2 protein chains.
Amino acid sequence: MGHLKIKNGELAAGDRKILENLHGHLREQVHTFVGYPCTGEFDFTPLLPFMEFPINNVGDPFVDSTYRIHTRQIEREVLAWFAELTHFPPDQYWGYVTNGGTEGNLYGLFLARERFPAGVAYYSEDTHYSVYKNLRVLNMRHIMVKSQPSGEIDYEDLLETLRIHRDVPPIIFANIGTTMTEGVDNVGKIQEILRKLAIAEFHIHCDAALAGMTLPFQEGIPPYDFRAGIDSISISGHKFIGSPIPCGIVLAKKHYVDRIARSIEYVGTLDTTLTGSRNGITPLFLWYAIKRAGVDGFRRQVGQCLKNAQYAVEQFRKIGLEAWRNPWAITVVIPRPPAAVLKKWQIAVYGERAHVIIMPSVKIQQIDELVADIAVARQEQAKTAAKLTAPRKNHSGIKSQPKPKPKQRSKP
Amino acid sequence: MGHLKIKNGELAAGDRKILENLHGHLREQVHTFVGYPCTGEFDFTPLLPFMEFPINNVGDPFVDSTYRIHTRQIEREVLAWFAELTHFPPDQYWGYVTNGGTEGNLYGLFLARERFPAGVAYYSEDTHYSVYKNLRVLNMRHIMVKSQPSGEIDYEDLLETLRIHRDVPPIIFANIGTTMTEGVDNVGKIQEILRKLAIAEFHIHCDAALAGMTLPFQEGIPPYDFRAGIDSISISGHKFIGSPIPCGIVLAKKHYVDRIARSIEYVGTLDTTLTGSRNGITPLFLWYAIKRAGVDGFRRQVGQCLKNAQYAVEQFRKIGLEAWRNPWAITVVIPRPPAAVLKKWQIAVYGERAHVIIMPSVKIQQIDELVADIAVARQEQAKTAAKLTAPRKNHSGIKSQPKPKPKQRSKP
């Protein structure tokens with residue numbers, strides 16, 4: 001798209017400068033963007049002429065509105081594509097394009113609570129931080145379950161926890177790719193536990209923010225979709241597919257939604273969505289990306305990411321880092337690197353762990369640069385540590401700095 | 001921006017055609033877009049190069065994140081502008097750019113419920129339909145209060161309802177411009193009622209979706225902002241200012257938000273917003289619009305809209321319609337017009353009432369066309385009615401249709 005060019009007279013010179021600087025700054029940041037599960041690789045330029053209209057997909061995507069500046073027909077095609085991807089039968093799903101994972105998960109939990117007002121939500125300790133907030137908003141009872149080191153839920157703990165709460169329907173919040181390690185909760189095993197405990201009434205919601213777009217294009221994956229008996233699922237659009245605006249889809253069994261539907265004369269549609277006035281641009285972006293890549297295109301992209309992720313694991317190991325990844329995962333887990341590396345590469349950490357996510361926009365060149373940066377930073381750390389542990393006169397406990405040569409110093 | 005031009009090879013021919021048709025269709029719809037409080041007049045073309053980045057204002061706008069592709073600095077300026085507009089002192093507000101009114105209202109009610117978990121929400125029967133859903137999501141006790149014909153809350157009913165529930169803190173949901181008539185609940189009068197009943201603990205949230213951008217630019221308005229003792233307020237961005245993507249702002253007293261803040265290491269910021277991953281494009285749009293128009297520009301626009309709204313009232317009356325508008329309102333209320341008019345002009349109805357909203361994009365020419373259309377439709381209705389009431393042999397009660405000439409009929 002090239003550089004930002006704001007014409008004279010459109011804005012004060014100072015304000016133009018602010019925007020130009022910001023645009024330049026963002027461009028720089030994209031190169032070192034390896035720490036979050038969002039690809040930097042997309043191009044929706046051909047669709048930007050739609051940005052001239054006050055588009056609003058207000059309310060239900062399946063019921064037309066008197067507000068006629070919308071892209072509902074496009075949104076429905078996007079939903080149909082995701083329904084096929086997750087094996088929902090054509091006449092048994094409902095859903096909409098959301099503002100992102102938080103809304104998709106909030107919706108799934110809302111439906112679950114409407115089904116089972118006294119239900120208790122179960123989720124592993126590796127669950128995304130927003131889920132706790134969602135449960136608080138919904139005022140739901142909830143219990144956190146232990147995780148395995150891989151990020152996958154601890155089935156033993158789930159079984160034992162469910163066993164002592166058999167009087168209330170469980171609402172299982174399954175992670176299909178945890179935030180830090182991309183661990184996948186196996187819905188087949190969860191169903192087995194429910195059967196074992198003779199629990200017949202339950203709701204399973206899947207948070208498939210990232211892996212909802214990678215698992216379908218791999219073989220031998222753990223069960224997580226309609227065929228595994230799930231009730232609702234949320235998948236992000238701005239993560240693997242990519243978008244300048246956070247977005248996603250939520251799908252649920254149609255008859256659950258019917259019970260919360262309320263016909264609203266004012267907009268001539270149903271108030272079935274959490275957000276009322278809704279973004280009609282992101283459905284266009286998703287539709288365009290889906291049409292361009294298709295299932296085969298995404299399969300190729302996922303394959304390349306997995307190959308690059310394995311490459312990253314190997315390169316990290318070569319410099320002595322205990323790097324690993326889960327099967328099916330494009331997330332590479334490493335020990336927390338030094339602060340300078342974290343900052344430059346926008347790497348997310350959780351305690352002593354960090355991760356790098358090999359999205360389609362992360363290329364071999366960036367992996368090599370990052371590995372080199374970590375190697376250098378670790379060597380420096382080692383040097384400093386050696387100095388600190390070496391016997392010296394200053395035992396005050398204050399970290400000693402390399403001595404400046406006083407005569408040569410000048411003010412910066 | 002001109003017509004949509006998608007290059008050969010980017011999409012299959014059929015898909016290109018779909019987008020081109022949709023773009024053309026939307027362009028046609030904008031001309032007759034007078035029924036919803038969203039202006040069709042804006043131009044963010046100069047900002048579209050920002051759409052090449054995976055921008056995400058994840059979490060709190062006032063705390064920087066390790067996710068560095070964001071527009072938080074711009075978002076903070078937008079919030080500061082709205083805080084000044086609503087007279088929040090610079091160090092006493094917190095807020096964020098939302099996905100629209102539903103989220104802003106949900107946030108205000110969420111804060112209120114966190115302050116007063118046992119609180120009861122009060123809202124008038126003219127309140128936007130999404131509020132009921134919000135209260136359901138939040139699992140809050142709520143009571144609907146009567147409205148006056150203007151749309152303004154019935155203070156007598158509010159007083160009597162509050163009187164019998166003095167044991168629980170009230171959460172007042174005030175409409176600063178109701179959906180159908182743009183009636184404004186007077187927060188000064190509400191405060192008086194609370195004082196009269198010696199209720200010291202309460203929360204007042206204002207839904208100022210539309211009027212939050214029109215009242216500040218008029219004189220002698222009812223009290224509704226920080227000076228009137230409100231606790232939180234939501235104002236839409238895509239309504240008066242205009243945007244291709246629904247958006248808005250929510251502001252609240254800072255210390256309420258502190259109590260729900262949770263520091264999230266993963267994104268290096270606070271999880272204070274309802275939506276986690278957040279749109280960073282709409283803050284740019286709002287900032288640009290604010291910088292271009294400024295307070296003086298908006299004052300001129302609001303003045304013009306009010307003048308045009310008064311013109312519309314007069315033109316409607318000239319053709320015999322009982323049109324009216326509230327003081328300070330750009331919404332013109334009319335009796336429900338015939339179906340063909342509703343459809344063509346995308347007019348929202350509620351029972352026997354309809355409204356036309358004179359946004360900056362609605363010009364005298366459109367008002368004249370609409371008035372002429374209604375006049376014609378009413379004449380036709382009158383003719384049909386005259387025919388129906390004239391004595392005739394067919395008294396079956398079935399609406400008689402003009403008789404087709406059987407011999408000339410052919411299959412469609």
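Computation of the quantities below employed the complete heavy-atom set of this structure, encompassing side-chain atoms and omitting hydrogens, waters and symmetry-equivalent molecules. Predicted, not measured: the structure shown is a model, and the values here were computed from it. Each chain gets a letter, A, B and so on, in the order the sequences are listed, and its residues count up from 1.
- In this structure, CD in A:E103 is found 12.5 Å from OG in B:S277, a value given to the nearest 0.5 Å.
- Among A:T71, A:L47, A:I260, A:I347, the residue with the largest count of heavy-atom pairs under 4.5 Å with chain B is A:I260.
- For the set B:N56, B:L342, B:I55, the count of heavy-atom pairs under 4.5 angstrom toward chain A peaks at B:I55.
- Residue with the most contacts toward chain B among A:T32, A:L138, A:V30: A:L138 (heavy-atom pairs, distance under 4.5 Å).
- For B:T282, no part lies near chain A; criterion is any non-hydrogen pair under 4.5 Å.
- Counting heavy atoms from C-beta on, the side chains of A:D43 and B:E52 never come closer than 4.5 Å.
- A:N99 places none of its side-chain heavy atoms less than 4.5 Å from the side chain of B:N279.
- Ring orientation note: the planes of A:H23 and B:F50 are nearly perpendicular, at an angle over 60° on the 30°/60° scale.
- Comparing A:L106, A:L284, A:T275 by heavy-atom pairs within less than 4.5 Å of chain B, the highest count is held by A:T275.
- In terms of heavy-atom pairs under 4.5 angstrom with chain A, the leader among B:V349, B:I74, B:I281 is B:V349.
- Across A:P46, A:P117, A:S236, the residue that shares the most heavy-atom pairs under 4.5 angstrom with chain B is A:P46.
- Using a 4.5 Å cut-off between heavy atoms, B:L109 does not touch chain A at all.
- Heavy atoms of B:L26 lying under 4.5 Å from chain A belong to its backbone as well as its side chain.
- Classification of the A:Y36-B:Y67 ring pair by plane angle, with boundaries at 30° and 60°, yields tilted.
- When the candidates B:G100, B:G280, B:G276 are compared by the number of heavy-atom contacts under 4.5 Å with chain A, B:G276 comes out ahead.
- The nearest pair of heavy atoms linking B:R27 to A:F53 is CA-CE2, 3.5 Å.
- The shortest side-chain heavy-atom distance between B:N139 and A:V137 does not fall under the 4.5 Å cut-off.
- Looking at B:H355, only its side chain comes within 4.5 Å of chain A, counting heavy atoms on both sides.
- In terms of non-hydrogen atom pairs under 4.5 Å with chain A, the most contact-rich of B:Y288, B:F285, B:F110, B:F33 is B:F33.
- In this structure, the portion of B:Q73 lying under 4.5 Å from any heavy atom of chain A is its side chain and not its backbone.
- For a residue to count as touching a neighbouring chain, one of its non-hydrogen atoms must lie under 4.5 Å from one of that chain's; by this rule B:M140 does not touch chain A.
- The structure places CZ of B:R292 at 11.5 Å from CG of A:D15, a figure rounded to the nearest 0.5 Å.
- Side-chain atoms of B:L48 and A:T45, non-hydrogen and from C-beta on, never get closer than 4.5 Å to each other.
- Counting heavy-atom pairs under 4.5 Å between each of B:E114, B:H25, B:R113, B:E41 and chain A puts B:R113 at the top.
- Counted within 6.0 Å of OH on B:Y350, heavy atoms from surrounding residues, nucleotides or ligands total 12 or fewer; the atom is thus considered open.
- Of the possible donor and acceptor atoms, one in the side chain of B:K133 sits under 3.5 Å from a partner among the backbone N and O of A:L274.
- Within the 4.5 angstrom heavy-atom criterion, atoms from both the backbone and the side chain of B:V267 approach chain A.
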Exercise. Would you check, one step at a time, whether the test side-chain contact (heavy atoms from CB on, under 4.5 Å) holds for A:K343 with B:R68?
Key: CA-CA 9 Å; A:K343 196 177 168 203; B:R68 281 211 305 282; 3.9 Å; yes
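- Identified by a heavy-atom distance below 4.5 Å to chain A, the contributing residues of residues 238-246 of chain B are B:H238, B:S243, B:P244, B:I245, B:P246, in residue-number order.
- Using a 4.5 Å heavy-atom threshold, the side chains of B:I69 and A:Q346 count as touching.
- Note that CH2 of A:W345 and OG1 of B:T66 are 16.0 Å apart. Values are rounded to the nearest 0.5 Å.
- Listed here is the closest heavy atom pair of B:T39 and A:P54: O-CB, 3.6 Å.
- Between the CD atom in B:E10 and the NZ atom in A:K291 there is a gap of 15.0 Å [rounded to 0.5 Å].
- Of the listed residues B:G101, B:G351, B:G268, B:S361, the one with more heavy-atom pairs under 4.5 angstrom with chain A than any other is B:G351.
- Taking the side chain as every heavy atom from C-beta outward, A:L11 and B:W287 approach each other to under 4.5 Å.
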